[in-house]
Chemist: 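One structure, pasted below without further comment.
The basis for the numbers below is simple: all heavy atoms, side chains too, and nothing from hydrogens, waters or symmetry mates. The residues of the chain are indexed from 1 along the displayed sequence.
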Amino acid sequence: MVLQAIKYKRGELQILDQLKLPHAEVYDDIHTSTDAWHAIKEMRTRGAPAIAIVAALALAVEVETIARKNELSSVAEEVKVFIVEKLDYLVTSRPTAVNLADAARKLKKTVETVAAKDGASGASVKDAYVEAAEKMLVDDVSDNEAIGKHGADWIVSNTEAGKIGPVSVLTHCNTGSLATAGYGTALGVIRSVHANGALKHAFCTETRPYNQGSRLTAFELVHDNIPATMVTDSMAAALLRLRGKSDNIAAIVVGADRVAANGDTANKIGTYSLAINARQHGVKFLVAAPRTTIDLHTKTGADIVIEERPGKEVTLVKGPRHDGQSLDLNVVETVSIAANGINVWNPAFDVTPAELIDGIITEVGVVEKDADGVFRMEKVFDEDVFKGKATTIGGL
């Protein structure tokens, strides 16, 4: 069974506290948009798709609770304004992940359209918002499964390693069920390769400084019984050079927090160096992301605002006490691993230029560069292009 990071039914929302993983599985109740803002800001929930879903559902729970208490305004315009203001507030929790802003924009349009109708009421605006937020949850899972299928097919068909036999794949950060509504993006691709019997081995980076790879991706890989090995971020080049052929490493697959119109991609810090390593060692570098992550208003990676986080994330490590033989989960300690007083620069993301990316895996297919070596990301929004459900999108 795939891990469930988001538990929802109308009027109720729980999120798996990812700061406590992999040693404890604790679900936090989310009652309001304020609860969600803090959960996102504190990274108790994270991953661009999951952030958007949690924010949307938290506000759905909030307005549903208000209605059940008979405290919801009967005036459509008042409910619309309340929802729009809350969405604007939620977007401020994490600025780099475009999925949240995209979800807020779509949800605003929904409530504005309903509020403008003749006979609209506060209840009808509330109902329209809740239904739209719930649909985002359902759509995210199906989109992720499609990403997994397209990515798995592409890797087997378009890599030299895929022609030889079962392939190995390296991934970075966490892009699985914990980062989405379910299944995952880049980790979803690995899941699909494994399900097809085409996976030799998965490798995951530790992903310093927040260790999403060692805490979360490794946790998911073990949970799903996928053959996997963890490496530190600084071991990636050596892995590709020394074990690339013996392990038949076909690709590095990562997620994204924002994809610019030209294909430049912002993702967890360390992604850029992996792309350089992939190019040096003849390994394909792929980005897996739903279309909600593609921002056509951001022309290039230079326009992406990079979030900088507290230096203590680099200098401190938190975890249960280990006595040399076993873990004591009842005693959680914070340990300093750096010289006291040292300055720290801690950008949460970096930007990988499009020229280092071989393909961008979406729910409608894998986007490749055209004959001029340019990604045409706008094509993924042209529904007529995908009536045939082609796996590869390029040269259009």
Chemist: Is the backbone of Phe219 close enough, under 3.5 Å, to the side chain of His223 for a donor and an acceptor to pair up by distance?
Modeler: no

Chemist: I'd like to know if the side chain of Asp370 reaches the main chain of Val374, judged simply by a donor and an acceptor atom lying under 3.5 Å from each other, with no hydrogens or angles considered.
Modeler: yes

Chemist: How does the hydrophobic cluster around Leu242 look, that is, which other residues are in it when side-chain heavy atoms under 4.5 Å mark a link?
Modeler: none

Chemist: Would you list the pairs meeting ring-ring contact (aromatic ring centres under 6.0 Å, His included) in which at least one residue belongs to residues 81-106, sequence neighbours left out?
Modeler: Trp37-Tyr89

Chemist: Does a salt bridge link Arg191 with Glu220, judged by any charged N lying under 4.0 Å from a carboxylate O?
Modeler: yes

Chemist: Only counting residues at least two apart or in another chain, list the ones meeting ring pair (Phe, Tyr, Trp, His ring centres under 6.0 Å) with Tyr129.
Modeler: none

Chemist: Where the side chain of Thr217 meets the backbone of Cys173, is there a donor-acceptor pair that is under 3.5 Å apart?
Modeler: yes

Chemist: Would the distance check show the side chain of His172 and the main-chain N or O of Ile269 forming a donor-acceptor pair, the cut-off being under 3.5 Å?
Modeler: yes

Chemist: Identify whether the distance between the nearest side-chain nitrogen and carboxylate oxygen of Arg10 and Glu134 falls below 4.0 Å.
Modeler: yes

Chemist: Is a donor on one side and an acceptor on the other found under 3.5 Å between the side chain of Asn248 and the backbone of Pro166?
Modeler: yes

Chemist: Scan for salt bridge (Lys or Arg N to Asp or Glu O under 4.0 Å) pairs involving residues 53-76, sequence neighbours excluded, and state none if there are none.
Modeler: Glu62-Lys86, Glu64-Arg68, Glu64-Lys126

Chemist: Could you tell me which non-hydrogen atom of Cys204 sits nearest to which non-hydrogen atom of Gly213, and how far apart they are?
Modeler: SG-O, 4.1 Å

Chemist: Who pairs with Thr298 by side chain to side chain contact (heavy atoms under 4.5 Å, CB included), at least two apart in sequence or on another chain?
Modeler: Arg258, Ala260, Asp295, Asp303, Ile304

Chemist: May I ask you to check whether Thr300 and Asp264 show a side-chain donor-acceptor distance below 3.5 Å?
Modeler: no

Chemist: Answer with yes or no whether the side chains of Ser192 and Tyr183 bring together a donor and an acceptor at under 3.5 Å.
Modeler: yes

Chemist: For Leu327, what are the other residues in its hydrophobic cluster, where any two members join if their side-chain heavy atoms are less than 4.5 angstrom apart?
Modeler: Leu329

Chemist: Please check: side-chain N/O of Asp17 versus main-chain N/O of Leu19, any donor-acceptor pairing under 3.5 Å?
Modeler: yes

Chemist: Closer than 4.0 angstrom, basic N to acidic O: yes or no for Arg309 and Glu307?
Modeler: yes

Chemist: In a table with atom names and distances, give each donor-acceptor pair under 3.5 Å that connects a side chain of residues 108-119 to protein atoms at least two apart or in another chain.
Modeler:
residue: Lys108; atom: NZ; partner: Asp88; partner atom: OD1; Å: 2.3
residue: Thr110; atom: OG1; partner: Lys106; partner atom: O; Å: 3.1
residue: Thr113; atom: OG1; partner: Lys109; partner atom: O; Å: 2.8

Chemist: Could you pull out all residues at least two apart from Tyr27 that satisfy ring pair (Phe, Tyr, Trp, His ring centres under 6.0 Å)?
Modeler: none

Chemist: Does Asp28 pair with Arg44 as a salt bridge, N-O distance under 4.0 Å?
Modeler: yes

Chemist: Closer than 3.5 angstrom, by distance alone: can the side chain of Ser157 be matched with the main-chain N or O of Trp154 as a donor-acceptor pair?
Modeler: no

Chemist: Who pairs with Glu308 by salt bridge (charged side-chain N to carboxylate O under 4.0 Å, His left out), at least two apart in sequence or on another chain?
Modeler: none

Chemist: Counting N and O atoms only, with roles assigned by atom type, does the side chain of Asp323 sit under 3.5 Å from a partner on the main chain of Ser326, one being a donor and the other an acceptor?
Modeler: yes

Chemist: Using modelled atom types only, decide if a donor and an acceptor are shared between the side chain of Asn99 and the backbone of Ala52 within a distance under 3.5 Å.
Modeler: no

Chemist: Extract all donor-acceptor atom pairs below 3.5 Å that involve side chains of residues 227-239 and protein atoms in other chains or at least two apart in sequence.
Modeler:
residue: Thr229; atom: OG1; partner: His201; partner atom: NE2; Å: 2.7
residue: Thr232; atom: OG1; partner: Ser234; partner atom: OG; Å: 3.2
residue: Asp233; atom: OD1; partner: Glu206; partner atom: N; Å: 3.4
residue: Asp233; atom: OD1; partner: Thr207; partner atom: N; Å: 2.7
residue: Asp233; atom: OD2; partner: Arg208; partner atom: N; Å: 3.2

Chemist: Would you confirm whether Arg215, through its side chain, and Tyr210, through its main-chain N or O, come within 3.5 Å as a donor-acceptor pair?
Modeler: yes

Chemist: Give a yes-or-no answer on whether the side chains of Arg46 and Asn174 include a donor-acceptor pair shorter than 3.5 Å.
Modeler: yes

Chemist: Name the one of Asn144, Thr175, Asp143 that satisfies side-chain hydrogen bond (donor to acceptor under 3.5 Å, both in side chains) with Thr180?
Modeler: Asn144

Chemist: Could you name each residue pair satisfying salt bridge (Lys or Arg N to Asp or Glu O under 4.0 Å) that touches residues 335-359, not counting sequence neighbours?
Modeler: none

Chemist: Among residues two or more places apart or on two chains, list those pairs meeting ring-ring contact (aromatic ring centres under 6.0 Å, His included) that have a residue in residues 236-272.
Modeler: none

Chemist: Please name the pair of heavy atoms, one in Leu100 and one in Ala55, separated by the smallest distance, quoted to 0.1 Å.
Modeler: CD1-CB, 3.5 Å

